[in-house]
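Note: hydrogens, waters and symmetry copies are ignored here, and every other heavy atom, side chains too, is used.
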Amino acid sequence: MPLLTIKSLCIEFPGRGKTERAANNVSFELHAGEILGLVGESGAGKSTIGNGIVQLLSAPGRVTSGDIYLNDDLISNFNAKQILKVRGSRIGFIFQDPMTSLNPLFTIENQMVETIINCLDMNQQQASQYAIELLAQVGIPDPEIRIKQFPHQFSGGMRQRVVIAIALAGKPELIIADEPTTALDVSVQDQILTLIKGLCREHNVGCLLVTHDMGVIANVADRVAVMYRGNLVEIGDTAQILGSPNHDYTKSLISAVPRSNIKTDRFPLVEYIETTEKGLDSIDVTTHWLGQGVRHTHSDDLLVIKDLNLRFITRDAMFERNRRYLQATSNVNLTVKQGETYGLVGESGSGKSTIARMVAGLQKPDSGSIQFDGLELVGNPDKVAIRNARKQIQMVFQNPYSSLNGRMKIENIIAEPILFHKIAPQGDVSQIVGDLLDHVGLGRQSGKKYPHEFSGGQRQRISIARALASRPRLLICDEPTSALDVSVQAQILNLLKDLQDELGLTMLFISHDLPVIRQMCDRVSIMRHGMILETAESEQFFEHPENAYSAELLSLMPRFDNIYESSRITKAPN
């Protein structure tokens with residue numbers, strides 16, 4: 001008997017004059033001990049199905065027809081009180097964004113112990129000890145200390161591990177994992193996936209794995225179900241789906257996966273769907289205001305970092321001897337040359353994003369030097385020079401929704417740095433903003449909308465347009481595509497490549513996705529525990545790593561050498 005059975009499931013979201021069907025007559029089975037991967041682009045309906053199983057659909061979404069069975073229980077007919085007993089104890093849920101599923105006002109211990117006591121027959125002391133064991137299982141160092149901390153004291157990857165530990169706390173029969181490794185580097189991802197696989201095999205737990213990461217699917221899934229616009233278009237064994245897919249959409253989706261074995265000039269696009277990448281031919285940057293911001297450096301080295309150190313207080317105290325610190329960066333040295341893309345790779349918490357924030361002026365180092373085109377940025381009293389340099393350094397953040405002001409229209413968001421730095425006459429700003437939106441493939445009409453009206457990929461394009469608005473010379477990209485589908489990721493990364501060629505941009509590119517790093521970067525530095533272990537030309541690093549840790553990271557990288565390479569599909573059938 002299947003652990004989970006879904007029959008003819010329909011989920012709808014009523015709107016003004018139109019009802020959107022997010023799941024259309026979806027049927028599949030999941031057996032105990034099996035991992036079923038549910039893949040597709042944003043809006044395909046895969047997360048909606050996961051939420052619908054445990055009745056966590058956002059209003060006004062509702063299941064309009066179909067049945068959901070957990071073993072013999074028809075849980076789609078359960079009332080609120082009945083389904084509450086199912087969540088946590090029988091079905092564990094791993095959410096994609098840990099900051100929205102963790103309460104910032106409570107310690108990790110408070111939140112884990114509450115879940116454990118509600119699901120298992122344990123007292124406070126037993127629950128606390130079990131919580132520490134769970135944190136250790138998901139790879140959190142010093143769990144006895146970290147459990148006393150709050151969510152904001154953890155990195156993105158560490159928070160995701162906490163969410164996974166909470167999902168496992170009730171010893172569930174079924175785990176629904178919604179993008180569980182999106183924010184994790186390859187080493188931590190391997191630990192988490194190994195943990196999930198072990199639970200499924202050893203404890204006969206079933207797992208519905210919702211993800212856009214085809215590498216994750218290739219590594220752990222027993223079977224794969226492919227979703228497209230609410231429809232289940234294909235389902236089968238992983239080897240068959242990835243090796244010889246039947247549906248044109250599946251073929252196109254797989255073709256967009258970044259190659260890990262060779263470097264290519266462009267990322268293939270998912271062209272089965274009607275939307276295609278807009279070319280950068282809307283303006284002539286050689287004569288346009290945007291192109292006039294291109295400057296040459298005084299030397300080939302645009303960014304030089306020397307002996308950079310920063311530590312954070314993890315436990316404060318009146319006396320120095322009682323304080324505890326985390327060394328975020330330790331004597332970091334690196335040089336980024338004009339016009340290159342320099343990659344920073346490392347585990348969550350290795351210090352790579354901390355370096356980016358110090359370069360951007362969002363964090364002050366304890367010691368060391370940061371020079372931008374020969375100008376010292378650390379401790380420089382010349383505020384005018386510093387301000388001029390800062391506008392030439394812009395950052396594209398991992399989560400575009402949190403970096404965009406939800407109360408401002410897009411045109412005002414992009415215009416803000418132009419007006420603040422006074423780098424164009426006020427009468428020209430509207431035209432410039434429209435040109436920028438055209439240039440990143442959104443169209444100037446999108447300037448009248450708000451951030452919530454756009455998809456994740458579109459919001460990232462807005463973030464890029466805003467970063468370009470101050471005509472930067474150095475663009476810091478901090479995990480710019482980690483939360484995006486492979487199709488949208490390909491569009492964004494191709495856009496960044498084109499902009500770099502046109503504007504002579506220099507990029508500091510931070511990512512845990514090694515295939516993306518190989519395709520994007522000229523040189524790479526590997527970080528661990530706040531230190532740089534190895535720096536090399538990109539191809540040299542991927543072919544012949546010198547450091548043992550680098551070799552270990554590469555061994556964990558998903559391989560797609562034998563995956564079916566489909567012919568490019570130009571248009572969806574009518």
Side-chain angles (χ1 to χ4, degrees), residues 22-28 35-49 179 181-182 208-279 441 455-457 481 483-495 497 513-516 518-519 557-574:
N24 184 34
N25 291 317
V26 174
S27 300
F28 62 83
I35 300 176
L36 174 65
L38 196 59
V39 301
E41 296 181 289
S42 293
K46 54 190 189 297
S47 293
T48 301
I49 290 174
E179 303 283 7
T181 59
T182 294
L208 180 63
L209 180 62
V210 177
T211 183
H212 65 262
D213 191 327
M214 302 303 285
V216 170
I217 290 296
N219 288 342
V220 303
D222 300 301
R223 291 189 300 134
V224 185
V226 183
M227 296 285 297
Y228 176 64
R229 294 187 175 177
N231 295 295
L232 183 62
V233 297
E234 189 167 1
I235 188 168
D237 292 339
T238 301
Q240 180 264 308
I241 296 294
L242 298 184
S244 55
N246 296 316
H247 199 278
D248 284 343
Y249 174 70
T250 311
K251 297 175 184 178
S252 191
L253 194 66
I254 292 172
S255 73
V257 177
R259 298 291 297 272
S260 62
N261 58 330
I262 59 172
K263 187 167 186 172
T264 56
D265 291 332
R266 303 278 295 175
F267 289 85
L269 300 178
V270 176
E271 295 183 342
Y272 175 79
I273 58 176
E274 292 88 349
T275 56
T276 58
E277 185 183 54
K278 183 181 175 72
S455 67
T481 60
L484 303 180
D485 304 312
V486 288
S487 59
V488 181
Q489 172 180 270
Q491 295 173 21
I492 296 298
L493 294 177
N494 282 341
L495 172 64
K497 281 192 169 190
D513 192 328
L514 287 171
V516 168
R518 183 165 197 170
Q519 303 306 322
M557 180 173 62
R559 303 285 176 178
F560 290 96
D561 304 3
N562 299 319
I563 280 188
Y564 177 93
E565 294 187 16
S566 62
S567 58
R568 292 161 73 93
I569 309 299
T570 57
K571 190 176 180 183
N574 294 325

Q. Within a strict 4.5 Å, meaning less than it, do heavy atoms of the Tyr228 and Asp248 side chains meet?
A. no
Q) What pair of heavy atoms forms the shortest contact from Val39 to Met214, and how long is it? A) CG1-SD, 4.4 Å
Q. Between Val226 and Ile241, is any pair of side-chain heavy atoms under 4.5 Å apart?
A. yes
Q: Over all heavy atoms of both residues, which pair between Lys251 and Asn246 is shortest? Give the atoms and the distance, please.
A: CE-O, 3.8 Å
Q. So do Gln489 and Val516 actually touch side chain to side chain, heavy atoms under 4.5 Å?
A. yes
(Q) Do Glu41 and Tyr249 have side chains that approach each other closer than 4.5 Å (heavy atoms only, starting at C-beta)? (A) yes
Q | Side chain to side chain, Leu209 and Val220, heavy atoms closer than 4.5 Å | A | yes
**Q.** Closest non-hydrogen atom pair between Val26 and Gly230, with its separation
**A.** CG2-O, 3.7 Å
Q: State whether the side chain of Asp222 and the backbone N or O of Ile35 hold a donor-acceptor pair below 3.5 Å, judged by distance alone.
A: yes
Q.
Determine whether a donor-acceptor pair (N or O, by modelled atom type, separation under 3.5 Å) exists between the side chain of Thr250 and the backbone of Pro245.
A. no
Q | Closest non-hydrogen atom pair, Gly37 against Ala221 | A | N-CB, 4.0 Å
Q. Taking all non-hydrogen atoms of both residues, which atom of Ser252 and which atom of Ser255 are closest, and how far apart?
A. O-OG, 2.7 Å
Q) With sequence neighbours excluded, what pairs up with Asp237 under the side chain to side chain donor-acceptor pair (under 3.5 Å) test? A) none
Q: Measure the spacing between CG of Leu514 and CD of Gln519 and express it to the nearest 0.5 Å.
A: 11.5 Å
(Q) Please evaluate residues Arg223 and Gln240 with respect to the criterion side-chain contact (heavy atoms from CB on, under 4.5 Å), reporting the C-alpha separation (whole Å), side-chain torsions for both, the decisive distance (0.1 Å), and the verdict. (A) CA-CA 9 Å; Arg223 291 189 300 134; Gln240 180 264 308; over 6 Å; no
Q) Counting N and O atoms only, with roles assigned by atom type, does the side chain of Thr238 sit under 3.5 Å from a partner on the main chain of Ala218, one being a donor and the other an acceptor? A) no
Q.
Using the side-chain contact (heavy atoms from CB on, under 4.5 Å) criterion, which residues pair with Ala44? Sequence neighbours excluded.
A. Met227
Q: Write down the atom of Glu179, the atom of Lys46, and the distance for their closest heavy-atom approach.
A: OE2-CE, 4.1 Å
Q: Using the test side-chain contact (heavy atoms from CB on, under 4.5 Å), find all partners of Ser47 that sit at least two apart in sequence or belong to another chain.
A: Asp178, Val210
Q: Nearest 0.5 Å please: distance from the NE2 atom of His247 over to the CG atom of Asn231.
A: 8.5 Å
